[in-house]
Amino acid sequence: MPRPMPLSMPVSRILTALSATVCLAAGLAAAPASAESRPASAESRPGTLGELARKHHKYFGSATDNPEFTDAAYLLRLGSEFGQTTPGNAMKWYATEPARGVFDFTAADQVVAFAKAHRQKVRGHTLLWHNQLPAWLTEGTWSAAELRAILKNHIQKVVRHFKGQVIHWDVVNEAFNEDGTYRESLFYKTLGPGYIADALRWAHEADHHAKLYLNDYNVDGIGPKSDAYYTLIKQLKADGVPVEGFGIQGHLALQYGFPADVQQNMQRFAGLGVEVAVTELDIRMTLPATAEKLATQATWYADYVKACLAVKKCVGITIWDYTDKYSWIPSVFPGEGAALPYDENLRPKPAYYSIKEALGG
Ligand code: 9MR
């Protein structure tokens, strides 16, 4: 694996310093920084998506992943345009506890250090998920008591490590099936549905300030799956369990239609007393991308942003990385892609401009 670059100073500043050095070495006078190249963070450069969202008291962020940290042009935009980031993989169980009781925060710390250097908020993703678990956990045979101890230790070690550095935790990710029944994960099968309340309580013990979320896909509109969350969160609240947020991932596809009731859905969760976040937004299409499809995509992004703006308790939006260069879509849905607001060459697409406009820019 390539060595991570030190990220104690914003990448924009590293690049400016590097370009000055290159100019001087080549005998050229270093030109004064243009508005585009001037070092800036999302906080200080008015008109970025991060800055525009902040005017609405919300954040606009992008997920990222460690292999991308060797791409300087990518990092420049990540650090300057967005007010929040989520590590796409680095905080998952396989990465943070690769062997039982052995914790490794190297990759996640790299993302958090980048975010700190660029004054970005960080969402913690994710403590319990049925995917990307280490083999020692999935291949073991555990009694309920053993698994409870493993879960509690994992949650509390990870949450304590990032205490004060993350605003939210996706404590449980993707707990329900499409029909609203519980997913038969290792946790559910061994511990029953109570594992969700336990996980929330353990996370809360470890950090009183991070907001604790349940997070899932295909819960944009009202339907059996979002109904299951509505019922569960209502019950958890009634039982005094520390659930504080509902994460709507927002993985949309042009061929399946826009969830017209997304605002109404967000509002009903707000009515339960939890906040809502759009945690993994992307809008894929069947390739090739045409001007018409990109225009529809742009409208959908704007409509999603407007829904969040209309709901006071919708605290922010995260896109699941910002450029098609690093989207997860083509490897999972062959023949589909072009899901993000920047193309593979990091050029803004119509969706970028429609998001900006929706945010009032
Ligand atoms: O973006 C993540 C990708 O790099 C991984 O290969 C993939 C493994 O399933 O997980 C992706 O992120 C997922 C997220 O953690 C939870 N919601 C669905 C996302 C896309 O699969």
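Numbers here are sequence positions counted from 1. Order of listing sets the numbers, starting from 1, for every ligand and every atom in it.
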Test item: side-chain donor near acceptor, E174 and N131, under 3.5 Å: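 The answer is no; no qualifying pair exists.
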Flag for Y229-D216: side-chain donor and acceptor within less than 3.5 Å: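 There is such a pair (donor and acceptor under 3.5 Å, judged by atom type) between the side chains of D216 and Y229.
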N or O contact, W129 vs ligand 1, cut-off under 3.5 Å: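 It does not: no N or O of W129 is found under 3.5 Å from an N or O of ligand 1.
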Proximal ligand 1 atoms for E174, defined as those under 4.0 Å from one of its heavy atoms: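 Answer, ordered by atom number: 16 (C), 17 (N), 18 (C).
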Ligand 1 atoms in contact with N173 (distance to a heavy atom under 4.0 Å):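 Numbered from 1, ligand 1 contributes 16 (C).
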Under 3.5 Å donor-acceptor, D207 side chain and A210 backbone: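 Flag set: sc D207 to bb A210 pair under 3.5 Å.
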[atom]: which protein heavy atom is closest, and how many Å away?
atom	value
atom 12 (O) of ligand 1	W320 NE1, 3.2 Å
atom 7 (C) of ligand 1	Q132 OE1, 4.0 Å
atom 19 (C) of ligand 1	E280 OE1, 3.4 Å
atom 4 (O) of ligand 1	N89 ND2, 2.9 Å
atom 10 (O) of ligand 1	K92 NZ, 3.2 Å

W93 vs L127 side-chain heavy atoms within contact, under 4.5 Å: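 No - every pair of side-chain heavy atoms lies 4.5 Å or more apart.
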Non-hydrogen atom of W328 closer than 4.0 Å to ligand 1: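 The answer is yes: ligand 1 sits under 4.0 Å from a heavy atom of W328.
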Salt bridge (charged side-chain N to carboxylate O under 4.0 Å, His left out) evaluation trace for R284 with E336: CA-CA 6 Å; R284 64 185 190 268; E336 295 181 47; 2.8 Å; yes
Salt bridge (charged side-chain N to carboxylate O under 4.0 Å, His left out) evaluation trace for K225 with E178: CA-CA 5 Å; K225 199 172 182 182; E178 296 306 297; 2.6 Å; yes
